[in-house]
Number of protein chains: 2
Amino acid sequence: MLLSTKGDYGVRAMIDLAKHEGEGPVQRAEIARRRQIPESYLDHLLAQLRRGGFIRSTRGPGGGHELARPADQICLLDLLESLEGSLAPLQCVENPAGGPEAICGQDWVWKEIYDDMRVRLAAVSLADLVEHERDHERELVTSAHYVI
Amino acid sequence: MLLSTKGDYGVRAMIDLAKHEGEGPVQRAEIARRRQIPESYLDHLLAQLRRGGFIRSTRGPGGGHELARPADQICLLDLLESLEGSLAPLQCVENPAGGPEAICGQDWVWKEIYDDMRVRLAAVSLADLVEHERDHERELVTSAHYVI
DNA sequence: ACAATGTTGACCGGATTGGTCGAGAATAGT
DNA sequence: ACTATTCTCGACCAATCCGGTCAACATTGT
């Protein structure tokens, strides 16, 4: 597994914030409930997202969390690399391999895959993810209509 | 990191066997030395490769390991999936997600990347990897020639 | 003052990783 | 039959990571 729950949950949380953009701070408890994330674990992810500059948090009653920038200016690549660290599929793809090692033998294959992956992830914004989710919801509603 | 040392070392070992195809069994100690893999750890990887049907092993003096099929009939995808298990980058990409979860939100992006990745890996054979390594060696020799 | 909320860091059990080690089984050569 | 060589198998182990809990504290609105 390339991504741990950090990347999964973290992006879920960001999608939730993006969906409620402009409605004031969203509370930890709400995010946790809607996205099925353990509340106390979500803490750590929000802290990481804050340090990464993706969200702003305000304390006290009526406090909560909001996006630091518009959803269409946050791409999935930045988000995931901030949450997970490097997404390199293989050790020797990331580091410069020091000397003339070349002992790995499959690095060139993975370099291609990795580059392509990063391009794709960079092309998807948080806004795209929200839009996709809204589309999916509409689909569900429609199919339910015909079933019932 | 998507791949652990299992996938890295395992493929290294297979490249080594492919490179010495037709020269009789290659011994564990040789592979370990040439490819810089701890000998006793290599044991486990060879066992896994044997169970996966990729190699045959013979005991006793003069024994060792050889490819079970020609190198051009073994693709990187099969090897890695046998060594590492599923290469799915995200939980929800692999399992059918049970009910109408769709809570992940980024699964569609990763499904595309995953499919593409598997196609690429399926297109690379062990023979390709050996050829690439030989090319690389020639390059090194050539550049060394000019430097000296 | 008090309640609501976020912030931080310590801690924890279980799984996985990346090995080591030793006893044993098969086989070739003598 | 004996021995040296080589693979085979499973037990074991230390370190790290993962997913998560918890308690103590800081900040702010009323």
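Labels below follow one simple rule: chain letters A, B, ... track the order of the sequence lines, proteins then strands, and each chain is numbered from 1.
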Using whole Å, what does the distance between atom [atom2] of nucleotide [N] and atom [atom1] of [X] come to?
X	N	atom1	atom2	answer
A/Leu45	C/dT7	CG	P	13 Å
A/His65	C/dA4	NE2	P	17 Å
A/Glu30	C/dG6	CD	P	9 Å
A/Asp8	D/dG20	CG	C1'	15 Å
B/Leu42	D/dC7	CG	P	9 Å
B/Gln48	D/dC7	CD	C1'	17 Å
B/Gln27	D/dA4	CD	P	17 Å
B/Leu3	C/dG18	CG	P	10 Å

Does C/dT7 have OP1 or OP2 under 4.0 Å away from a side-chain N or O of A/Ser57? yes
It should be established whether B/Arg50 places a side-chain nitrogen or oxygen under 4.0 Å from OP1 or OP2 of nucleotide D/dC9.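 For D/dC9, OP1 or OP2 has a side-chain N or O of B/Arg50 closer than 4.0 Å.
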When the axes are fitted on five pairs at both termini, how much does the helix from C/dA1-D/dT30 to C/dT30-D/dA1 curve, in 10° steps?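 End-to-end axis angle for the helix from C/dA1-D/dT30 to C/dT30-D/dA1: 0°, rounded to 10°.
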Position toward the 5' end of DNA chain C (nearest nucleotide), A/Gly63 or A/Arg51: A/Gly63
Kindly give the atom pairs (protein nitrogen or oxygen, nucleotide nitrogen or oxygen) under 3.5 Å for nucleotides 23-30 of chain D.
from   : atom 1 : to      : atom 2 : distance (Å)
D/dA26 : N3     : A/Arg59 : NH1    : 3.3

Generate the contact string for nucleotides 11-17 of chain C. Rules: B means base contact, S means sugar-phosphate contact only, - means no protein heavy atom under 4.0 Å. -------
Indicate yes or no for a side-chain donor-acceptor contact from A/Gln91 to the backbone of B/Asp8 under 3.5 Å, with no hydrogens or angles considered. no
Taking the side chain from A/Gln36 and the backbone from B/Ile103, do they hold a donor-acceptor pair closer than 3.5 Å? no
With sequence neighbours excluded, residues passing ring pair (Phe, Tyr, Trp, His ring centres under 6.0 Å) with B/His20: none
Mind checking if B/Arg28 touches a base, just sugar-phosphate, or nothing, with heavy atoms under 4.0 Å?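 The residue B/Arg28 makes base contact.
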Among pairs that include at least one residue of residues 13-26 of chain A, which meet salt bridge (charged side-chain N to carboxylate O under 4.0 Å, His left out), considering only residues two or more places apart or in two chains?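 Found A/Asp16-A/Arg34, A/Asp16-A/Arg35, A/Lys19-A/Glu133, A/Lys19-A/Glu137.
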Taking distance alone, no hydrogens or angles, what donor-acceptor pairs closer than 3.5 Å link side-chain atoms of residues 44-56 of chain B to residues at least two apart or in another chain?
from    : atom 1 : to      : atom 2 : distance (Å)
B/Gln48 : NE2    : B/Ser82 : O      : 3.4
B/Gln48 : NE2    : B/Leu83 : O      : 3.1
B/Arg50 : NE     : B/Ser57 : OG     : 3.1
B/Arg56 : NH2    : B/Leu67 : O      : 3.2

Under the side chain to side chain contact (heavy atoms under 4.5 Å, CB included) test, residues paired with [X] that sit two or more places apart:
X	result
B/Ser86	B/Ala88, B/Glu94, B/Tyr114
A/Pro25	A/Thr58, A/Glu66
A/Gln27	A/Glu30
A/Glu39	A/Arg28, A/Ala29, A/Ala32

Aromatic plane relationship, B/Tyr9 with B/Tyr41 - under 30° parallel, 30 to 60° tilted, over 60° perpendicular: perpendicular
Listed by chain and number, what are the side chain to side chain donor-acceptor pair (under 3.5 Å) partners of A/Ser4, not counting sequence neighbours?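 With sequence neighbours excluded, A/Ser4 shows a side chain to side chain donor-acceptor pair (under 3.5 Å) to A/Glu84, given in chain and number order.
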5′-ward residue of the pair B/Ser40/A/Glu39 relative to DNA chain D: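 Counting from the 5' end, the first nearest nucleotide belongs to B/Ser40.
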Which residue pairs pass the side-chain hydrogen bond (donor to acceptor under 3.5 Å, both in side chains) test when at least one of the two sits in residues 115-127 of chain B, sequence neighbours left out?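 Found A/Glu112-B/Arg120, B/Glu81-B/Arg118, B/Asp116-B/Arg120, B/Ser125-B/Asp128.
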